[in-house]
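I have placed the structure first, in the form of structure tokens, so that the comments after it can refer back to it.
One is the number of the first residue; the rest follow in order along the sequence. Every value quoted in this text rests on a predicted model; they were computed, and no experiment measured them. Values reported hereafter were calculated over all heavy atoms of this structure, with side chains retained and with hydrogens, waters and symmetry mates removed.
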Amino acid sequence: MTDPNAVSPKDRFFTVYGRKPVLEALTDPELEVDKVILADTARGAAASEIRRAATDAGVAVQHASAHRVKVLAGNGKQDQGVLADVVAPRMRPLAQALADRNPPSPLLVLDGITTPANVGMILRTATAAGLGGIVVPRRGVAALDPLVVKASAGVAFRAPVLRTGTALDAAEQLTDAGFAVYALGSTDSTSTDAAHGTGESLFDAELPARSAFVLGGETEGVDPDVAGYVASWLSIPMPGDVESLNVSAAAAVLCFELVRRGHAG
């Protein structure tokens, strides 16, 4: 019988793939690697170097078929026959975080953001600002892979990532936990890729301490089902002749407005 309280490996690790990212993880003294999985077909100097690095770091090396490595990596073109699970000490399920006596807040919720560079930059910015957490759903958002890690300049490994199935799951759980759910964007458009529209100005809105902010995807914006849980829409005033901001830029404005107010950090 499956333990209902068991934590999925996807809620504990960043999986990195490719020879160089795996070697970098194994040789970084600040990172803890849980295991390395090497394809049976991996040969040559690169495979030997990975084995030596794993031995030096005291990390177990498991072997699997090349197909299995591709499936686990989720990227059949770039895995190069090797992957590693890197422990993310601050990553945990959203449900677990909300069960705390004092749940972390404020939170960001990523909804349909599929560009790894945007996810990585948001993780870096939110961590720098000291936000309570960034909800990164397992579905509908770019996978937490080496591209995200690179965009975050390595900060992703120690970011306070909270995992859930979908952004809709997150909105439901947050509402049930008494969070006020906000969204950056417009109430009459879902095509914007960032904060711009008819909502109240972010700088004027009264924001409670227990709050969560949905960041919609680059092309579709906030999912209509998720929007059903939004208590209020917020916008970033832009007096210049620009229609919208990139979602990671909008996230940065939001994060440091929360710092300015004393809600984060």
- Query: Is there a donor-acceptor contact under 3.5 Å from the side chain of D28 to the main chain of E30?
  - Reply: yes
- Message: With side-chain contact (heavy atoms from CB on, under 4.5 Å) as the criterion, how do D223 and T166 come out once you've worked through the C-alpha distance, each side chain's angles and the decisive distance to 0.1 Å?
- Response: CA-CA 11 Å; D223 181 89; T166 65; over 6 Å; no
- Query: Do T164 and Q173 get their side chains close enough for a donor-acceptor pair, meaning under 3.5 Å?
  - Reply: yes
- V87 and F13: CA distance, side-chain angles, deciding distance, side-chain contact (heavy atoms from CB on, under 4.5 Å) verdict: CA-CA 5 Å; V87 176; F13 306 126; 3.8 Å; yes
- Does L108 share a hydrophobic cluster with L202, counting links as ILVMFWY side-chain heavy atoms below 4.5 Å and allowing steps through other members? yes
- Item | Separation of L162 CG from I134 CD1 (nearest 0.5 Å) | 7.5 Å
- Query: Counting distance only, does the side-chain N/O of R92 pair as donor-acceptor with the main-chain N or O of P89 below 3.5 Å?
  - Reply: no
- Query: Do any N or O atoms from the side chain of S201 and from the backbone of F203 form a donor-acceptor pair under 3.5 angstrom?
  - Reply: yes
- Note on the structure: Shortest non-hydrogen pair, P160 vs T127, comes out as CD-OG1, 3.5 Å
- Message: Tell me whether the count of non-hydrogen atoms from other residues, nucleotides or ligands lying under 6.0 Å of CZ in R68 goes above 12.
- Response: no
- Message: Any heavy-atom pair between the side chains of V222 and W233 that's under 4.5 Å?
- Response: yes
- Looking only at heavy atoms, what is the nearest atom pair of G81 and A42, with distance? O-CB, 4.4 Å
- Message: Could you check whether any side-chain heavy atom of Y229 comes within less than 4.5 Å of a side-chain heavy atom of L174, counting everything from C-beta outward?
- Response: no
- Got M91 and L144 here, is their nearest side-chain heavy-atom distance under 4.5 Å? yes
- Item | Close side-chain approach of D11 and R138, heavy atoms under 4.5 Å | yes
- Do V155 and V136 sit in the same hydrophobic cluster, where Ile, Leu, Val, Met, Phe, Trp and Tyr count as joined when their side-chain heavy atoms come under 4.5 Å apart? no
- Query: V253 and M238: side-chain contact (heavy atoms from CB on, under 4.5 Å), yes or no, with the steps?
  - Reply: CA-CA 12 Å; V253 174; M238 290 185 285; over 6 Å; no
- Item | Separation of D169 CG from R163 CZ (nearest 0.5 Å) | 12.5 Å
- Item | salt_bridge(E257, R260) N-O dist < 4.0 Å | yes
- Message: Please verify the inter-ring angle class for F157 with F14; under 30° counts as parallel, over 60° as perpendicular, anything in between as tilted.
- Response: perpendicular
- Heavy atoms only: give me the nearest V141-L110 pair and the separation to one decimal. CG2-O, 3.6 Å
- Looking only at heavy atoms, which two atoms of S105 and S211 are closest? And how far apart? OG-N, 3.1 Å
- Task: Under the side-chain contact (heavy atoms from CB on, under 4.5 Å) rule, what do Y17 and V69 come out as? Steps first, then yes or no, please.
- Result: CA-CA 9 Å; Y17 51 78; V69 171; over 6 Å; no
- Item | Spacing of L123 atom CG and N118 atom CG [to the nearest 0.5 Å] | 11.0 Å
- NZ/K70 to CD/Q78 distance, rounded to the nearest 0.5 angstrom? 10.5 Å
- ILVMFWY network linking M121 to I113, side-chain heavy atoms under 4.5 angstrom: no
- Message: I need the I37 CD1 to Q62 CD distance, nearest 0.5 Å.
- Response: 5.0 Å
- Query: So, for A252 and T125, which heavy atoms are closest and what is the spacing to 0.1 Å?
  - Reply: CA-CG2, 3.6 Å
- Message: Can you confirm whether H67 is buried at NE2, in the sense that more than 12 heavy atoms of other residues, nucleotides or ligands lie under 6.0 Å from that atom?
- Response: no
- Least distance between heavy atoms, Y182 atom then E206 atom: OH-O, 3.5 Å
- Query: Taking atom CG of L38 and atom OG1 of T41, what is their separation to the nearest 0.5 Å?
  - Reply: 8.0 Å
- Any I50 side-chain heavy atom under 4.5 Å of L23 side chain: yes
- Can you find a pair of side-chain heavy atoms, one from P104 and one from R90, that are under 4.5 Å apart? no
